[in-house]
Protein chains: 2
Amino acid sequence: MAVSMSPKQKVYQGILQEIRELIDRHNLKPGDKIPSERELSGKLQAGRSSIREALRAMELLGLIETRHGEGTFLSNYQPYQTVEILASFILQENSTKRDLVLAKQIIEKEITKLAYQQLTPTNFKELQSILEENKHNPKERHVAYFRYILNHTDNLLLAKIWYLMEDFSSTVNNLYYDDYFYQALQTLLYENRYGQIERLFMNTSYKETE
Amino acid sequence: MAVSMSPKQKVYQGILQEIRELIDRHNLKPGDKIPSERELSGKLQAGRSSIREALRAMELLGLIETRHGEGTFLSNYQPYQTVEILASFILQENSTKRDLVLAKQIIEKEITKLAYQQLTPTNFKELQSILEENKHNPKERHVAYFRYILNHTDNLLLAKIWYLMEDFSSTVNNLYYDDYFYQALQTLLYENRYGQIERLFMNTSYKETE
DNA sequence: CCATATCGGTGGTCAGACCACTTTGCTATT
DNA sequence: AATAGCAAAGTGGTCTGACCACCGATATGG
């Protein structure tokens, strides 16, 4: 293989690097097609099996999506099937879970504060609908509520991070806030009491089913 | 391949499943050796390349460790390697500079608030030293200061995320706060005015060199 | 007894061969 | 001319076999 690499680095790791740069160079976005395995094999001067080792790893992470007979495409991080397998390995440590839950809560708090300035009365009503439609399913309610918030946050990076965290955490626990929290938050948003959002989040812990 | 699998599931995904069960059955712990690639290939009735696709994916995630000439071993798992891989793609692919900067600032604010409760007077003095030692180099000062804070935050996940963001953002610009900010923050920490940390961050923007 | 050469097992990589699937475009029939 | 049907090309999915480089244990020679 001719992929430039630090001493002892394995070929597939170099491939990974190379693919990242390729994505960057061509400014590829989710949904775009990346070169075929055989083409990459030729371009990067590496065996097809090495290419595949890199691609499979990326696929496991949900970074790409492969369609038999069509090609390989950049993914937009849908909940991927393998997340379960991953999580079963990853989230064994309690400290990891704790870190994740805390980080996720922080993100939720901050995106709420970011979205705050952009929410209109209409948005407010839609949020209320979301709460009512899902009142029977706390977990779904939680996801729907914050997904809506996220769409008004105007920060794609934070959105991606939150989706990922949500994906992982949802495979182990069902985390959500209790009814009171959402109503209190709605009230704060409605009544323009920005300063109290912080406090509300910090004084609330997740509930958990299962 | 004879690995039992749901319709259309790929072989390597079945292998993943199989390996996890194997680990479970034999109660393997970190450091233990797992069967060789050729042995797995025979036992699971799959080609060695498929076995490798599964193992490489696991390796990339940090689940296993491979020693050339010796074998493959369960890793003393560092779950956060996964975060790095994911983040390295997410950060690069589609985050505008603006998103990244904002997210980074949020993380810095929140880790400071987390660390707040753990900081002792000694820590406080050390932070002051850091500021003085780097007074000539704003960028280095920024990194050193928050690295220290991070070490007292007790949330490895947030730490990883911050390091990555710092890494990526530093390739684009040199961001730091102005002198006043750090002194003000020091004062707040010292005088136990937790509630004002939030405001200080939100009223301060990054400076930028280059 | 020790230093060393050898050998078997292991991961690392490649090349080539099929297969299954999708798309495309040509062909032959209507 | 329009269309139904099929063939070909391109792609991912998988397996096999072949080397290489590396490690550890064992046999060998001093």
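Because only heavy atoms are used, hydrogens play no part in the values below, and waters and symmetry mates are left out as well, while side chains stay in. Letters go in sequence order (proteins before strands), and every chain restarts at 1.
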Report task. Please state how far atom CD1 in B:I51 lies from atom P in C:dT13, giving the value in whole angstrom units. Result -> 17 Å
Requested in this report: Whole angstrom is fine here: how far is it from CD in A:Q45 over to C1' in C:dC14?
Outcome: 12 Å
Report summary line: To the nearest angstrom, the CG-P distance between A:L40 and D:dG10 comes to 16 Å
Report task. Verify salt bridge (charged side-chain N to carboxylate O under 4.0 Å, His left out) between A:E110 and B:K109, making sure each step is shown before the conclusion. Result -> CA-CA 10 Å; A:E110 294 299 318; B:K109 167 168 69 67; 2.7 Å; yes
Query raised in the report: CZ of B:R52 versus C1' of D:dG13: gap in Å, rounded?
Result: 17 Å
Requested in this report: Return each pair, listed once, that meets salt bridge (Lys or Arg N to Asp or Glu O under 4.0 Å) where at least one residue sits in residues 121-130 of chain B; pairs must be two or more places apart or across chains.
Outcome: none
Query raised in the report: Does A:R56 pair with A:E37 as a salt bridge, N-O distance under 4.0 Å?
Result: yes
Please enumerate all protein N or O atoms sitting under 3.5 Å from an N or O of nucleotides 4-10 of chain C, with distances to 0.1 Å.
unit_1, atom_1, unit_2, atom_2, d
C:dG9, N2, B:G69, O, 2.8

Query raised in the report: Does A:Y182 use its side chain to pair, donor to acceptor, with the backbone of A:Y177 at less than 3.5 Å?
Result: yes
Query raised in the report: Rounded to whole angstroms, how far apart are CD on A:E53 and P on D:dC15?
Result: 14 Å
Requested in this report: Report the distance from atom CG of B:L16 to atom P of D:dG13, rounded to the nearest whole Å.
Outcome: 15 Å
Requested in this report: Determine, for B:R141 against B:E133, whether the closest basic-nitrogen to carboxylate-oxygen distance falls under 4.0 angstrom.
Outcome: no
Report task. Establish whether the base of C:dG12 is bridged to the side chain of B:R56 by a donor-acceptor pair shorter than 3.5 Å. Result -> no
Query raised in the report: Between B:S41 and D:dC15, does any side-chain N or O lie under 4.0 Å from OP1 or OP2?
Result: no
Query raised in the report: B:E65 CD to C:dG12 C1': how many Å, rounded?
Result: 16 Å
Query - Nearest-angstrom distance from the residue atom CD of B:Q9 to C1' of D:dG13 - result: 14 Å
**Report entry** A:D99/A:K104 salt bridge by N-O under 4.0 Å criterion
**Finding:** no
Report summary line: Hits for salt bridge (Lys or Arg N to Asp or Glu O under 4.0 Å) against A:E53, two or more places apart or cross-chain, chain-then-number order -> B:R52
Query raised in the report: Heavy atoms under 4.0 Å, any strand shown: does A:S49 hit a base, just sugar-phosphate, or nothing?
Result: base
Query - Any A:T66 side-chain N or O less than 4.0 Å from OP1/OP2 of D:dT11 - result: no
